[in-house]
Amino acid sequence: MGDFQGRHALIFAAAPETEYDYIRAFLAEHPDALIACADGGLRHARALGLHPDFMISDCDSMPEVEGAEIIRLKPEKDDTDTQGCLREVFRRGCTEATLVCATGGRIDHMLANLSLLEEAYAMGGRLAVLDRQNRIVLHEGGCQKFKMPAAYRYFSIVPLDAVLHGVTIENAKYPLRDATVTRAGMITISNEAAANEIVTVEIRDGRALVVFSRDFDRAL
């Protein structure tokens, strides 16, 4: 199936959320984004006046469903609705997705949602997790360059493996050269770079999260 081919999916999870300005800003930059809802994520889409292109739901957090295409699931299952939603939009042709309303509320669901960054990569796509203060992406190892987003002040490298070997950070306030970074006692939190600076992050062995963040008093 390829009916979503080439589209960027905006996936709504069901975590508590009342601040939607960051989602409006995303939609202004991606006006043609495919709107996908995982169960109670429909509440957030409706709050923004959006009609889903796709919805997947076991109806345990919201009894209603809405969308151009709907998949109903049983509540007794191994995967979360958000995990199923990501898999389905990728299976239908999306290769990029942004997940919102995914970090508030229950910590177990937040951690499960962050694990989807690795699952998306395994499926041949890319996922970003976005909330009011943060944008989180996967560093799958090797050398990656990114432009420091003007809306964020900090970036952090959070190891997914117990040890990252050969970590080099260039063009940042706190550079590193061929360092070992451990998950216990990590030293790569709250780095900084100038807006639009091209930052190089190399990890010779291991995977990590790259977290762009801002303080609450920093404008969107």
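Atoms considered below: every heavy atom in the structure, side chains included; atoms not considered: hydrogens, waters and symmetry mates.
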| Sub-3.5 Å donor-acceptor pair from the side chain of D161 to the main-chain atoms of G206, do we have one? | no

| query | Once you round to the nearest 0.5 Å, how far does SG of C37 lie from CD1 of I56? | reply | 11.5 Å

| request: Could you tell me the separation between the CE atom of M148 and the CG atom of N191, rounded to the nearest 0.5 Å? | output: 8.5 Å

| said: I'd like to know whether K145 forms a salt bridge (Lys or Arg N to Asp or Glu O under 4.0 Å) with E170, so could you lay out the CA-CA distance, the side-chain angles of the two residues, the decisive distance to 0.1 Å, and finally the verdict. | reply: CA-CA 9 Å; K145 296 179 184 292; E170 297 177 342; 5.3 Å; no

| task | Start with the C-alpha distance between M123 and R91, add both sets of side-chain angles, then the distance that settles side-chain contact (heavy atoms from CB on, under 4.5 Å), and finish with yes or no. | result | CA-CA 9 Å; M123 289 187 287; R91 189 169 71 87; over 6 Å; no

| message | Taking the side chain as everything from C-beta on, heavy atoms only, tell me whether L130 gets closer than 4.5 Å to T103. | response | no

| request: Specify the closest pair of heavy atoms between P175 and A172, including all atoms of both residues, with the distance to one decimal. | output: CD-O, 3.7 Å

| request: Report the C-alpha distance between D3 and E69 in whole Å, list the side-chain angles of each, state the deciding distance to 0.1 Å, and finish with yes or no for side-chain contact (heavy atoms from CB on, under 4.5 Å). | output: CA-CA 11 Å; D3 44 327; E69 182 179 357; 3.9 Å; yes

| field | Closest approach of N113 to V129 (non-hydrogen atoms, all atoms of both residues) | value | O-CG2, 4.3 Å

| said: So does G84 get a backbone contact from the side chain of D79, meaning a donor-acceptor N/O pair under 3.5 Å? | reply: no

| message | Please determine whether salt bridge (Lys or Arg N to Asp or Glu O under 4.0 Å) holds for the pair E197 and K147, giving the CA-CA distance in whole Å, both sets of side-chain angles, and the decisive distance to 0.1 Å. | response | CA-CA 5 Å; E197 181 71 71; K147 181 185 289 188; over 6 Å; no

| CZ/R207 to CG/L117 distance, rounded to the nearest 0.5 angstrom? | 11.0 Å

| message | With heavy-atom distances below 4.5 Å as the criterion, would you say the side chains of F90 and F4 are in contact? | response | no

| note | Here the gap from I203 atom CD1 to I157 atom CD1, rounded to the nearest 0.5 Å, amounts to 6.0 Å

| query | Say you draw a straight line from OG of S190 to NZ of K173; how long is it, rounded to the nearest 0.5 Å? | reply | 10.0 Å

| request: List the steps, then state whether side-chain contact (heavy atoms from CB on, under 4.5 Å) holds for F54 with V89. | output: CA-CA 8 Å; F54 174 78; V89 298; 4.0 Å; yes

| Within 6.0 angstrom of L111 CG, more than 12 heavy atoms from elsewhere | yes

| query | Taking the side chain from T168 and the backbone from R177, do they hold a donor-acceptor pair closer than 3.5 Å? | reply | no

| Heavy-atom distance under 4.5 Å between the side chains of C143 and T200, does that happen here? | yes

| remark: Taking every heavy atom of A112 against every heavy atom of S115, the minimum-distance pair comes out as O-OG, 2.6 Å

| query | Does one hydrophobic cluster hold both Y154 and V211, with members joined at side-chain heavy-atom distances below 4.5 Å? | reply | no

| message | What I'd like to find out is whether the side chain of C101 reaches to under 4.5 Å of the side chain of I23, using heavy atoms alone. | response | yes

| query | Taking V210 as the fixed residue, which of V201, L138, V137 is the one that meets the side-chain contact (heavy atoms from CB on, under 4.5 Å) rule? | reply | V137

| message | Using a 3.5 Å distance criterion without hydrogens, assess whether the side chain of R214 forms a donor-acceptor pair with backbone atoms of R132. | response | yes

| said: Which residue is it: L42, D39, I71? I am looking for the one with a side-chain contact (heavy atoms from CB on, under 4.5 Å) to S57. | reply: D39

| Connected via hydrophobic side-chain network under 4.5 Å: Y152 and I198 | no

| query | Below 4.5 Å, heavy atoms only, C-beta onward: do L164 and T180 meet side chain to side chain? | reply | no

| request: Begin from the C-alpha positions of E202 and V167 and carry the test side-chain contact (heavy atoms from CB on, under 4.5 Å) through to its verdict. | output: CA-CA 6 Å; E202 182 174 1; V167 179; over 6 Å; no

| task | Please state whether the rings of H30 and H8 are parallel, tilted or perpendicular, taking 30° and 60° as the class boundaries. | result | tilted

| Can Y22 and E17 be counted as having a side-chain donor-acceptor contact under 3.5 angstrom? | yes

| message | Whether the E119 and Q83 side chains hold a donor-acceptor pair (N or O, under 3.5 Å, no angle test) is what I'd like checked. | response | yes

| message | Any non-hydrogen side-chain atom of R126 less than 4.5 Å from a side-chain atom of T95? | response | no

| request: State yes or no: are the ring centers of F155 and F146 separated by less than 6.0 Å? | output: yes

| remark: All heavy atoms of A38 vs all of A14, minimum pair found to be O-CB, 4.2 Å

| said: Tell me whether I169 shares a hydrophobic cluster with I189, the cluster being built from Ile, Leu, Val, Met, Phe, Trp, Tyr side chains joined at under 4.5 Å. | reply: yes

| query | Would you say D53's side chain and I35's backbone share a donor-acceptor pair under 3.5 angstrom? | reply | yes

| task | Quick one: closest heavy-atom pair of A9 and C94, and the distance? | result | CB-SG, 3.9 Å

| request: Would you confirm whether S156, through its side chain, and V158, through its main-chain N or O, come within 3.5 Å as a donor-acceptor pair? | output: no

| message | More than 12 heavy atoms of other residues, nucleotides or ligands under 6.0 Å from CZ of R7: yes or no? | response | yes

| Side chains of D131 and E19: does their closest heavy-atom pair fall under 4.5 Å? | no

| note | Smallest heavy-atom separation, D178 atom then G166 atom, equals OD1-CA, 3.2 Å

| request: Check the angle between the aromatic planes of H44 and F12 and answer parallel, tilted or perpendicular using the 30° and 60° thresholds. | output: parallel

| message | For a 4.5 angstrom cut-off between non-hydrogen side-chain atoms, does T98 reach I11? | response | no

| request: Starting at CG of L27, measure out to CG of L48 and round the result to the nearest 0.5 Å. | output: 7.0 Å

| query | Can you tell which of R72, R43, R46 makes a salt bridge (Lys or Arg N to Asp or Glu O under 4.0 Å) with E64? | reply | R46

